[in-house]
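Here's the structure we're looking at; comments come further down.
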Amino acid sequence: MDEFSRLSLHVPEPAVRPGDLPDFSNVKIPKAGSVPRPDVDVDPEEIRDLAYSIIRVLNREGEAVGPWAGFLSDEELLTGLRHMMLLRAFDARMLMAQRQGKTSFYMQHLGEEAVSCAFRKALRKGDMNFPTYRQAGLLIADDYPMVEMMNQIFSNELDPCHGRQLPVMYTSKEHGFFTISGNLATQYVQAVGWAMASAIKNDTRIAAGWIGDGSTAESDFHSALVFASTYKAPVILNIVNNQWAISTFQGIARGGSGTFAARGLGFGIPALRVDGNDYLAVYAVARWAAERARLNLGPTLIEYVTYRVGAHSTSDDPSAYRPKTESEAWPLGDPVLRLKKHLILRGAWSEERHAQAEAEIMDEVIQAQKEAERHGTLHAGGRPSVRDIFEGVYAEMPPHIRRQRQKAGY
């Protein structure tokens, strides 16, 4: 009988472990301004290389260079800087609140502020985002009240979700923010479906789906690409590649080869990679993709190359699976500091004004927190009423619930 070689299973392994030296040699960073900006109606086959490069605008000196630069004024950039600083201060206070037992759970955006804050500015009122839990910048950049966000985090008596969602899982139809799902990949298929419905109704609104690098391994991700490409849905499909899933390095979802953006190529979807820590680059790419969608040219897949500086959540300890100094070695820098440097170089900002803005913004966040904390928890003892549980759940109130409500005085 012939002998056959035994089979073995390949399990991807991270390049470094806790205690090792950080290594980002696998992140190939092109020179800022070197990636061309194609016409929005370009054939996806002609820009396949953009799925393997990284679009950058800000160089190491803080200058904006190349064909993706020049779309934002100083005033717009200052607004963007403030939004990122506001999100960072908000994060700091809510993380502290969780440590103090004022909320059960929180998830930071540290290091990823440019992705959502800049993207929101490329959209119009009425466009709809289907976000994950690390895109609160979409609300911040659309001037959604911080107190409302905190009410939801604290699940107090003014919580817009009435205690029906986990902390940080906001929702606001008015601000184009579809409620967050803990099953992250489901947001992708819902975004495509919403965009298809908008097109069927001959509306003018587009959609944006959001997913993390880890969740691209879910089947919903691939289903969304099938429908988006087949029907040329007016949707922007965003992948936030922050290098780590909950406690798993990106190689598990990526398979150890290629890029996340490249997955769009097999579906005929134009795919781009962008420096997620470059506010100007994120805005320029988002604007390009939004224009494609509005011109009925179909979907665009965007991979934002960034880094999750903090833990996955307050329930996570990243020191258990990655080097403690890894965030300091991240080669694309800090999005807030990079935009600050650019504005100082342009003469539109200064170190003194930045320090003053930090103090003013932190005071604004603290005042909002005090306002939210005045409203306590959802109910004394943490138990919701019959009304809170069933209101808005049934199309027609069941008789026994109606009797309970009447007995309780509702």
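We're numbering straight along the sequence, starting at 1.
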Exercise for the section: Could you tell me if the ring centre of His312 sits under 6.0 Å from that of Tyr133? Expected result: yes
Practice task
Work out which heavy atom in Ala281 is nearest to a heavy atom in Asp275; give both atom names and the distance.
Solution key: CB-O, 4.3 Å
Exercise for the section: Would you indicate whether Asn296, at its atom CG, is surrounded by more than 12 heavy atoms from other residues, nucleotides or ligands within a distance under 6.0 Å? Expected result: no
Exercise for the section: Using only heavy-atom distances, determine whether the side chains of Asn129 and Gln135 contain a donor-acceptor pair under 3.5 Å. Expected result: no
Exercise for the section: Answer yes when Glu291 and Arg294 have at least one side-chain N-carboxylate O distance shorter than 4.0 Å, and no when they do not. Expected result: no
Practice task
State yes or no: are the ring centers of Trp68 and Tyr283 separated by less than 6.0 Å?
Solution key: no
Handout entry: Carboxylate-amine/guanidinium proximity below 4.0 Å for Glu76 and Lys121
Key = no
Exercise for the section: May I ask you to say whether Arg322 pairs ionically with Asp20, meaning some side-chain N is under 4.0 Å from a carboxylate O? Expected result: no
Practice task
State, without any angle test, whether Gln367 and Glu371 hold a side-chain donor-acceptor pair at a distance under 3.5 Å.
Solution key: no
Fill in the blank from the handout: One should read off an interatomic distance between Met96 CE and Tyr106 OH, to the nearest 0.5 angstrom, of 12.5 Å
Practice task
Please determine if Lys102 and Glu373 form a salt bridge, counting it only when a charged side-chain N lies under 4.0 Å from a carboxylate O.
Solution key: yes
Practice task
Before accepting this row, confirm whether a basic side-chain N of the pair Arg254/Glu303 lies closer than 4.0 Å to the acidic partner's carboxylate O.
Solution key: no
Could you pull out all donor-acceptor pairs under 3.5 Å where a side-chain atom in residues 138-146 meets a protein atom, sequence neighbours excluded?
{"unit_1": "Asp142", "atom_1": "OD1", "unit_2": "Arg120", "atom_2": "NH2", "d": "3.2"}
{"unit_1": "Asp142", "atom_1": "OD2", "unit_2": "Lys125", "atom_2": "NZ", "d": "3.2"}
{"unit_1": "Asp142", "atom_1": "OD2", "unit_2": "His175", "atom_2": "ND1", "d": "2.7"}

Exercise for the section: Step through the shown structure and confirm whether more than 12 heavy atoms of other residues, nucleotides or ligands are within 6.0 Å of CZ on Arg353. Expected result: yes
Fill in the blank from the handout: Exactly one of Ile302, Ile239, Val305 clears side-chain contact (heavy atoms from CB on, under 4.5 Å) with Phe260, and that residue is Ile239
Exercise for the section: Answer yes or no: is there an ion pair linking Lys324 with Glu328, defined by an N-O contact shorter than 4.0 Å? Expected result: no
Practice task
Please check if any side-chain donor atom of Thr132 sits under 3.5 Å from a side-chain acceptor atom of Gln187, or the reverse.
Solution key: no
Problem - Contact list for residues 227-237, test side-chain hydrogen bond (donor to acceptor under 3.5 Å, both in side chains), sequence neighbours left out - result: none
Handout entry: Exceeds 12 heavy-atom contacts within 6.0 angstrom, atom CD of Glu75
Key = no
Handout entry: Residue pair Trp210, Phe178: steps toward the ring pair (Phe, Tyr, Trp, His ring centres under 6.0 Å) verdict
Key = CA-CA 11 Å; Trp210 295 84; Phe178 196 87; over 10 Å; no
Problem - Distance flag, aromatic centroids of Trp330 and Phe24, threshold under 6.0 Å - result: yes
Problem - Rounded distance (nearest 0.5 Å) linking atom NZ of Lys340 with atom CG of Asp334 - result: 9.5 Å
Practice task
Would you kindly say whether Asn277 and Tyr307 are connected by a side-chain donor-acceptor distance under 3.5 Å?
Solution key: no
Fill in the blank from the handout: When every non-hydrogen atom of Pro167 is compared with those of Thr103, the smallest separation belongs to CG-OG1, 3.7 Å
Exercise for the section: Any chance you could measure Ile361, atom CD1, to Arg82, atom CZ, to the nearest 0.5 Å? Expected result: 5.0 Å
